[in-house]
Amino acid sequence: MSDLPKMTNFRTRRTDDGILHLIFDMPDRSMNVFSNQAIHEIEAFADWLKGSDVLGVVISSGKSNAFCAGADLTELAEAYEMIMAAPKEKRDALTVDHFSPIGRAFRKLETADKPVAVAAHGLALGGGCELFLACHYRVLTDAKETQIGLPESLVGLLPGGGGTQRLPRFTGVEQSLGVLLEGARFDAQRAVALGAASQAVPPGQETAAAEAWVRSKPDPRQPWDRPDWRQPTKDKVLSVTRPVREKILRQTGGHYPAEPAILDCIDRGLPATMDEGIAAEVDVFKDLVQRIEPRNMIAVKFLGRVEYDKRRRKDALPTGLDAFAAEVKAAMQAKAGQLGATGAAALSFAGIDGAAPGDFEAAREIARRMPQWFEAPSSDVEKAAFAILAAAAQVASRHKGTFAPEDCNLVDLHCQQAAGFPAYLGGPFTFLARYGSE
Ligand SMILES: C/C=C/C(=O)SCCNC(=O)CCNC(=O)[C@H](O)C(C)(C)COP(=O)(O)OP(=O)(O)OC[C@H]1O[C@@H](n2cnc3c(N)ncnc32)[C@H](O)[C@@H]1OP(=O)(O)O
């Protein structure tokens with residue numbers, strides 16, 4: 001048997017009776033996340049596991065506050081820049097190459113023919129939740145801080161580590177949609193009731209519960225890899241997702257591509273085998289992640305939010321935030337006013353200050369169109385919407401010296417909240433950097 005692969009983000013410990021504990025514990029970080037290196041390590045571990053002589057595996061976290069917060073969003077933002085810097089014809093292959101390891105690693109883990117249990121306390125979000133779902137036996141503590149969720153859509157992404165496939169297979173499509181599309185979370189009781197978790201135990205007992213399951217010499221296969229698994233028909237899946245898709249597109253005007261992409265993964269993957277489902281998820285992810293909206297939302301809604309919270313805790317937010325947001329709002333309203341009825345329609349069309357529910361077919365067209373309307377505005381309403389956003393960018397341009405460059409994401413976040421700037425375009429500074437202010 002070969003030696004365990006060298007890992008820096010995971011520690012291991014072996015019990016006398018052959019249970020291997022894999023403890024996720026990133027050095028020098030307060031929170032476990034799936035960095036590229038951690039993904040590489042867990043894939044190497046899964047490869048090793050298949051040929052090993054262990055009785056089974058128990059995965060847990062070395063952090064007291066959380067299991068794992070998902071893929072490393074800072075690295076994800078950098079990956080976007082790396083992919084976009086490549087020649088256009090190479091981007092698809094580069095994207096698949098870069099983003100398929102996480103789903104591949106989790107699939108290898110659940111098909112290594114060894115029982116894998118997970119014992120999680122605290123948050124298991126995004127890729128952390130996807131790892132949790134890929135384990136055969138899933139224990140959660142019943143503490144109030146323990147929750148599982150897939151918040152990728154909140155930053156314009158989809159759960160690309162098998163989350164769009166495993167959660168609906170465990171819970172049924174309908175019960176999974178709040179988590180997949182709205183950032184809802186399950187606590188331990190709900191996760192067990194819906195089949196996403198196997199057992200809820202008081203904090204401190206989770207590792208023993210997971211070990212006990214491994215010692216029972218269980219079948220090391222997921223339900224969908226057993227011969228009695230019956231996947232739903234395409235019609236059955238569509239009967240649930242079609243009305244949801246219509247509602248979401250109507251509500252968002254088609255400006256947020258993650259939610260329809262998640263529904264695409266479900267529509268394509270649930271009636272198929274797990275391997276086909278994972279392949280469909282990677283294919284949809286490849287197109288989504290090359291769009292600008294996820295990049296804008298990661299920068300502002302995640303990186304900007306972390307910075308905003310940090311500075312607020314220290315009572316050190318930049319001065320002039322409210323005044324700036326008020327100026328941005330006034331500039332957008334003034335431009336819309338100048339443009340009369342077309343301006344009013346443009347505010348609604350672009351979802352400035354919230355989107356008014358609109359026409360499904362039109363929203364579907366907006367969601368599909370490449371380049372997006374703001375890259376190539378064509379109708380009068382689109383041109384007016386661009387002009388209104390450019391008016392916000394003009395304010396940002398005048399205030400370039402007011403805020404430090406590293407504060408722009410948090411200022412943009414404030415403009416989403418206080419001036420109604422639409423999240424898919426980041427904020428006035430993001431818009432200025434990309435499209436200028438003319
Ligand atoms: C294919 C798969 C895709 C994905 O998985 S995409 C990622 C999906 N996950 C998320 O969107 C979760 C993002 N994180 C959060 O929402 C919050 O964080 C938490 C709810 C997990 C915790 O919130 P709070 O307790 O307020 O802590 P904090 O200040 O936000 O984070 C603590 C430290 O953890 C880092 N961090 C958290 N999540 C991530 C992440 N996903 N990628 C990179 N870093 C992350 C932060 O930056 C910060 O770091 P510092 O202590 O150095 O300031």
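The first residue of the sequence shown is numbered 1, and numbering continues consecutively from there. Note that the coordinates shown come from a computational prediction; the quantities given were computed from them, not determined experimentally. Below, each value reflects all heavy atoms present in this structure, side chains not excepted, and no hydrogens, waters or symmetry copies. Start at 1 and go down the list; that is how both ligands and their atoms are numbered.
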Would the W373 and F386 ring centres measure less than 6.0 Å apart? no
Could you find the nearest protein heavy atom to atom 48 (C) of ligand 1 and give me its residue, atom name and distance? V306 CG1, 4.3 Å
Is atom 44 (N) of ligand 1 less than 4.0 angstrom from some protein heavy atom? yes
Check this for me - ligand 1, D309, N or O atoms closer than 3.5 angstrom, yes or no? no
Under 4.0 Å from any heavy atom of P151, which atoms of ligand 1 are there? 9 (N), 10 (C), 11 (O)
Looking only at protein heavy atoms, which one is nearest to atom 1 (C) of ligand 1, and what is the separation? G160 N, 3.3 Å
Could you check whether D187 and Q147, counting side-chain N and O atoms only, form a donor-acceptor pair closer than 3.5 Å? no
Between E152, Q147, R313, flag the one that comes closest to atom 6 (S) of ligand 1 by a heavy atom. E152
My understanding is that only one of K50, R104, R107 makes a salt bridge (charged side-chain N to carboxylate O under 4.0 Å, His left out) with E43; could you say which? R104
R166 side, atom CZ; M274 side, atom CE - distance, nearest 0.5 Å: 4.5 Å
Which one holds for F302 and ligand 1: side chain close, backbone close, both close, or neither close, with close meaning a heavy atom under 4.0 Å? side chain
Region of L123 engaging ligand 1 - heavy atom pairs below 4.0 Å: side chain
Atom 49 (O) of ligand 1: closest protein heavy atom, distance to 0.1 Å, is S30 OG, 4.5 Å
Identify, for atom 22 (C) of ligand 1, the protein heavy atom at the shortest distance, and state residue, atom and that distance. M31 CE, 3.8 Å
Which is closest to atom 42 (N) of ligand 1 by heavy-atom distance: L158, L73, D28? L73
If you draw a 6.0 Å radius around CD in E375, do more than 12 non-hydrogen atoms from other residues or ligands fall strictly inside? yes
Can you confirm whether Y308 sits close enough to R313 that some side-chain heavy atom of one is under 4.5 Å from a side-chain heavy atom of the other? no
Students often mix this up, so state it plainly: with edges at 30° and 60°, are the rings of F374 and Y424 parallel, tilted or perpendicular? tilted
So, for atom 24 (P) of ligand 1, does the protein have a heavy atom nearer than 4.0 Å? no
Please list the nearest protein heavy atom to atom 38 (N) of ligand 1 with its residue and the distance rounded to 0.1 Å. A69 CB, 3.4 Å
Should we say atom CG of D315 is surrounded by more than 12 heavy atoms from elsewhere, each under 6.0 Å from it? no
Please report the interatomic distance CG(N9) to CE(M7), rounded to the nearest 0.5 Å. 9.5 Å
Starting from atom 16 (O) of ligand 1, find the nearest protein heavy-atom neighbour and note its residue, name and distance. R305 NH2, 3.7 Å
Start with the C-alpha gap between D228 and R226, add the side-chain angles, then the distance that decides, and say whether salt bridge (Lys or Arg N to Asp or Glu O under 4.0 Å) holds. CA-CA 6 Å; D228 61 350; R226 296 181 194 168; 5.8 Å; no
Parallel, tilted or perpendicular, as decided by the 30° and 60° cut-offs, for the rings of F429 and F324: parallel
Identity and separation of the nearest protein heavy atom to atom 52 (O) of ligand 1: K310 NZ, 4.3 Å
Which atoms of ligand 1 are found less than 4.0 Å from any heavy atom of G126? 5 (O), 8 (C)
Who's closest to atom 41 (N) of ligand 1 heavy-atom-wise, of G149, A71, G70? A71
Nearest heavy atom to atom 2 (C) of ligand 1 wins, so pick from M26, E130, R29. E130
Flag atom 27 (O) of ligand 1 as yes if some protein heavy-atom distance to it falls below 4.0 Å, otherwise no. no
Check for me whether the distance between the ring centres of F132 and F106 falls short of 6.0 Å. no
